[in-house]
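Both counts, for ligands and for their atoms, begin at 1 and track the order of listing.
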Amino acid sequence: MELSPKQQISELIKSSNNILLVTHESPDSDGVGGMIALSLVLEKLGKKTTMIAPGFDDDYHHFLPSSDKVMPSLVNSKDFVISLDITNTKVEKILYKRIDNDRLDIIVTPGNGSQINQDEIKFSSAGYGWDLIIVLDCATLERTGSVQESEPALFYEKPIINIDHHAGNDFFGKVNLVEITATSTSEVLVPLIESLGRENNLIDENVATCLLTGIMGDTSSFQNSNTTPKSLTVAAQLVAAGARQQEIVRNLFKTKSLSTLKLWGKALAKLQEESDEKFVWSALTKEEIDSTGAKPEQTGGLIDELLKTASGVDFALLISERNGAVHGSLRAVSKSIDVSIIAALFDGGGHAAASAFDIPNSTLSDQQQNIIFKIKQYQAKRLQA
Ligand SMILES: [Mn+2]
């Protein structure tokens, strides 16, 4: 009988010792919470883990246990190997000498009057030592951003487990646990973790807190239209397991830095309602974001703030300039709309309830009119039908 993805994951984990966990760029509560939860569980099972969340640097997730172990990029910790072909050379002595603290000389003394030629010396990297990679909350490997860019070979060398809930997931893993009806990757992780060890209680207070953080992040604390009965059941189970729900609410939704409030103020002041086409939108230039002292990632929670202002509309849109691109973020208010279709108008994607797109190498002044025009056209047609 063929093993289910969950069983295959369990087998792969059993046979691995040193596991790399990666989530997406501009990591959110689901990516970070899910990743830390799984790492805590794997460590309990005696595994060594490394966590990478590209660009991780925010004030919201520091309350999570072990968040200080999340690295913002792939640290170049590969061993560097200098190898010498000794078929024709005898080596009598090797020593190294440190010169002025900024140079290291490795001195190889040949024996029996032999000589070392430069072409007998080779340099290479010895690899990172991970035997398994688990990618979380990423529809494609490209979502791991700088990790894939800096070390594309890494993903060919080792087996990948792909755990996600995005409809557009392209099944890049050796094993793919993709559940598109789940609110979040953290929700997908709950039954997986349970299956990893039935005897020992793997979902302790810390693990439950991380998982609930992920679910609450992706549903905006159960406010979004993507909230399902199942997600509420899982959340109740996590609270029963000791998840510190009040702490999550305080950190994710109530504690806002001054820069975030300024950023929200700017976006709310520019909020526009297209009442005929039933959506609200706002736009922020790079200068506007910079002037508040906020980082581009802080626009993440802002779209949910726009939602609260939006009654009687189908969706909210936030356009912002991010890393040389124009980034659009969409959230459905009404259950009747699939915002991933709108994101697809600009080659983006996501879920029916939450989607995004990027228009590379462009500015708001180039794109804003066109974006709004296209969306209005789409909505006008849709609402007529
Ligand atoms: Mn997610």
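- Put simply, His166 stays out of reach of the Mn ion (ligand 1), with no N, O or S atom under 2.8 Å from it.
- Between Asp204 and Lys44, at least one side-chain nitrogen of the basic residue sits less than 4.0 Å from a carboxylate oxygen of the acidic one, meeting the salt-bridge criterion.
- Per residue Asp218, closest N, O or S atom to the Mn ion (ligand 1): atom name OD2.
- Judged purely by distance below 3.5 Å, without hydrogens or angles, the side chains of Thr49 and Glu43 pair a donor atom with an acceptor atom.
- In this pair, Phe279 and Phe315 present their aromatic rings parallel. The plane angle is below 30°, not in the 30 to 60° band.
- For a distance bound of 2.8 Å, the N, O or S atoms of Asp28 include none lying that close to the Mn ion (ligand 1).
- Looking only at its N/O/S atoms, Asp30 has OD2 as the one nearest to the Mn ion (ligand 1).
- For Asp137, the N, O or S atom with the smallest separation from the Mn ion (ligand 1) is OD1.
- With respect to Arg250 and Glu247, no salt bridge is recorded, no charged nitrogen being found less than 4.0 Å from a carboxylate O.
- For the 3.5 Å distance criterion, the side chains of Ser29 and His61 qualify, holding a donor opposite an acceptor.
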